[in-house]
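Working notes, structure below.
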Amino acid sequence: MNKVKQNPYIFLLPYIFMFSLFIIIPVGMAIYLSFTNFNTIESPDFIGFLNYINLLTQDEIFMQYVLPNTVLFAVIVGPGGYILSFLLAWCLAQLTPVPRMILALIFYSPSMTSGVAMAVVWKILFSGNQAGYINSLLIRSGVITEPIIFLQDTRFILPIMIIVALWGSMGVGFLAMLAGVLNIDETLYEAGAIDGIRNRFQELIYITIPSMKPQMLFGAVMAIVGTFSTGAIGVELTGANPTPAYAGQLIVNHIEDYGFIRFEMGYAAALSVILLLIIYLFSYISKKLFSES
């Protein structure tokens, strides 16, 4: 017991071991492999920055399709899902416990399903024949005369992916925000009313949001990680990787394409390092925005 008191870091050993095994070592290996030519069979051949140079100068698919798709997808789904999570959490907090619990479960449940399960539901909705719900509705409404093959038409693939991602964006960040709203001290609102706050919008701006910055930061980080790590939705909806004409190709899909289809693991590792840096950059910005200091 005395040894434990003198060495409290013993309690951290399980966490340090797991963190090293599943975070530090994989990230270190990815960084190392990004400087190599590795086909998963032969030993990695060190080539320096060639993978990164090729990524910026030779990979036309990445620059013309993957990067713009990822940026557009992230700009809409990230902030959109984040704002939607906060607004829904705030609205649910105004309800009594029973309906709040039921609605919270309804909103949260899509995020518990995998991208594969979500895609199955939406593939039925956007089926490319008259039996598809969307096509059937549009034909009966007189908007179109022939069914649209939504999941193979390059005009619709990315918008459908964005819709599906927003539908499933109410994850743990949403629950954290709901918990944050519910745990705000009610006396703050009473004090605010005395100080001149007259409506719910002013309460939201001056009391609610400043009082739940840790939950807002957590929700922002989870939204960023979830948005940039999304890839299964487009592949499952279209049934192919790459997606038709690269219309729904995101960075994660590009990594899987080079790593597990072409077996160019060195180049895939370079892509994954770039993705890691992007996630870190946006997470750092979020931390600055919601920092307590």
Side-chain angles (χ1 to χ4, degrees), residues 26-27 29-42 44-80 114-116 118-119 122-123 126 128 148-166 224-282:
V27 170
M29 289 298 298
I31 294 173
Y32 165 71
L33 290 176
S34 70
F35 295 102
T36 68
N37 180 21
F38 182 43
N39 60 9
T40 73
I41 298 176
E42 301 174 331
D45 182 22
F46 186 79
I47 57 175
F49 288 93
L50 184 59
N51 284 326
Y52 294 97
I53 295 173
N54 290 338
L55 173 63
L56 297 175
T57 61
Q58 302 296 325
D59 194 342
E60 295 181 359
I61 300 301
F62 179 80
M63 301 303 294
Q64 292 183 10
Y65 300 101
V66 175
L67 188 58
N69 288 345
T70 303
V71 171
L72 179 61
F73 184 86
V75 165
I76 297 176
V77 175
S114 64
V116 176
M118 287 197 298
W122 288 90
K123 284 175 74 173
F126 288 100
I148 301 173
I149 307 177
F150 287 104
L151 301 180
Q152 299 299 318
D153 193 321
T154 56
R155 297 173 298 172
F156 300 107
I157 293 175
L158 189 59
I160 292 174
M161 289 172 56
I162 291 172
I163 293 172
V164 176
L166 285 173
I224 292 168
V225 173
T227 299
F228 282 104
S229 62
T230 299
I233 294 176
V235 174
E236 292 302 324
L237 285 173
T238 62
N241 186 16
T243 55
Y246 298 97
Q249 199 77 349
L250 304 179
I251 290 183
V252 172
N253 303 129
H254 208 49
I255 293 171
E256 292 176 350
D257 180 19
Y258 274 91
F260 301 106
I261 298 177
R262 309 187 193 200
F263 294 103
E264 297 182 23
M265 284 294 182
Y267 191 75
L271 287 167
S272 67
V273 171
I274 296 298
L275 178 59
L276 177 64
L277 292 175
I278 293 173
I279 293 175
Y280 176 79
L281 173 63
F282 282 94

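Bear in mind the structure is a predicted one, so any value in this text is a computation, not a measurement.
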If you compare all heavy atoms of [X] against all heavy atoms of [Y], which two are closest, and at what distance to 0.1 Å?
{"X": "Ala269", "Y": "Ala30", "result": "CB-O, 3.4 Å"}
{"X": "Glu236", "Y": "Lys123", "result": "O-CD, 3.4 Å"}
{"X": "Leu33", "Y": "Pro44", "result": "CD2-CG, 4.0 Å"}
{"X": "Phe260", "Y": "Phe263", "result": "O-CZ, 3.8 Å"}

Pairs flagged by side chain to side chain donor-acceptor pair (under 3.5 Å) wherever residues 260-273 is involved - sequence neighbours left out: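 Those involving residues 260-273 are Asp59-Tyr267, Asp257-Arg262, Tyr258-Arg262.
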Could you tell me whether a side-chain N or O of Glu256 sits under 3.5 Å from a main-chain N or O of Ile261, the two making a donor and an acceptor?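 Answer holds: no.
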Quick one: pull up [atom1] in [X] and [atom2] in [Y] and give me the separation to the nearest 0.5 Å.
{"X": "Ile61", "Y": "Tyr246", "atom1": "CD1", "atom2": "OH", "result": "4.5 Å"}
{"X": "Thr238", "Y": "Leu151", "atom1": "OG1", "atom2": "CG", "result": "7.5 Å"}
{"X": "Asn51", "Y": "Met265", "atom1": "CG", "atom2": "CE", "result": "13.0 Å"}
{"X": "Leu250", "Y": "Ser229", "atom1": "CG", "atom2": "OG", "result": "10.5 Å"}
{"X": "Tyr65", "Y": "Thr243", "atom1": "OH", "atom2": "OG1", "result": "10.5 Å"}
{"X": "Ile255", "Y": "Phe62", "atom1": "CD1", "atom2": "CZ", "result": "9.0 Å"}

side-chain contact (heavy atoms from CB on, under 4.5 Å) evaluation trace for Leu55 with Met63: CA-CA 8 Å; Leu55 173 63; Met63 301 303 294; over 6 Å; no
May I have all residue pairs that pass salt bridge (charged side-chain N to carboxylate O under 4.0 Å, His left out) and include part of residues 149-164, sequence neighbours excluded?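 Sorted pair list: Asp153-Arg155.
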Are Tyr52 and Phe35 an aromatic pair, judged by ring center distance below 6.0 Å?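 Centroid separation for Phe35 and Tyr52: below 6.0 Å.
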Ring centre gap for Phe156 and Phe126 strictly below 6.0 Å: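 That pair fails the under 6.0 Å test.
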Could you check whether any side-chain heavy atom of [X] comes within less than 4.5 Å of a side-chain heavy atom of [Y], counting everything from C-beta outward?
{"X": "Trp122", "Y": "Ile233", "value": "no"}
{"X": "Ile278", "Y": "Ile251", "value": "yes"}
{"X": "Leu72", "Y": "Leu158", "value": "yes"}
{"X": "Leu271", "Y": "Ile274", "value": "no"}

Run the numbers on Met161 and Asn69 for side-chain contact (heavy atoms from CB on, under 4.5 Å), then give the verdict. CA-CA 11 Å; Met161 289 172 56; Asn69 288 345; over 6 Å; no
Could you list the residues that satisfy side chain to side chain contact (heavy atoms under 4.5 Å, CB included) with Ala247, not counting sequence neighbours?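 Applying side chain to side chain contact (heavy atoms under 4.5 Å, CB included) to Ala247 gives Thr154, Ile157.
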Do other residues, nucleotides or ligands put more than 12 heavy atoms under 6.0 Å from the CG atom of Leu166?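 Buried by this count: over 12 neighbours within 6.0 Å.
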How far apart are the C-alpha atoms of Leu237 and Ile160, what are their side-chain angles, what is the distance that settles it, and do they pass the side-chain contact (heavy atoms from CB on, under 4.5 Å) test? CA-CA 9 Å; Leu237 285 173; Ile160 292 174; 3.9 Å; yes
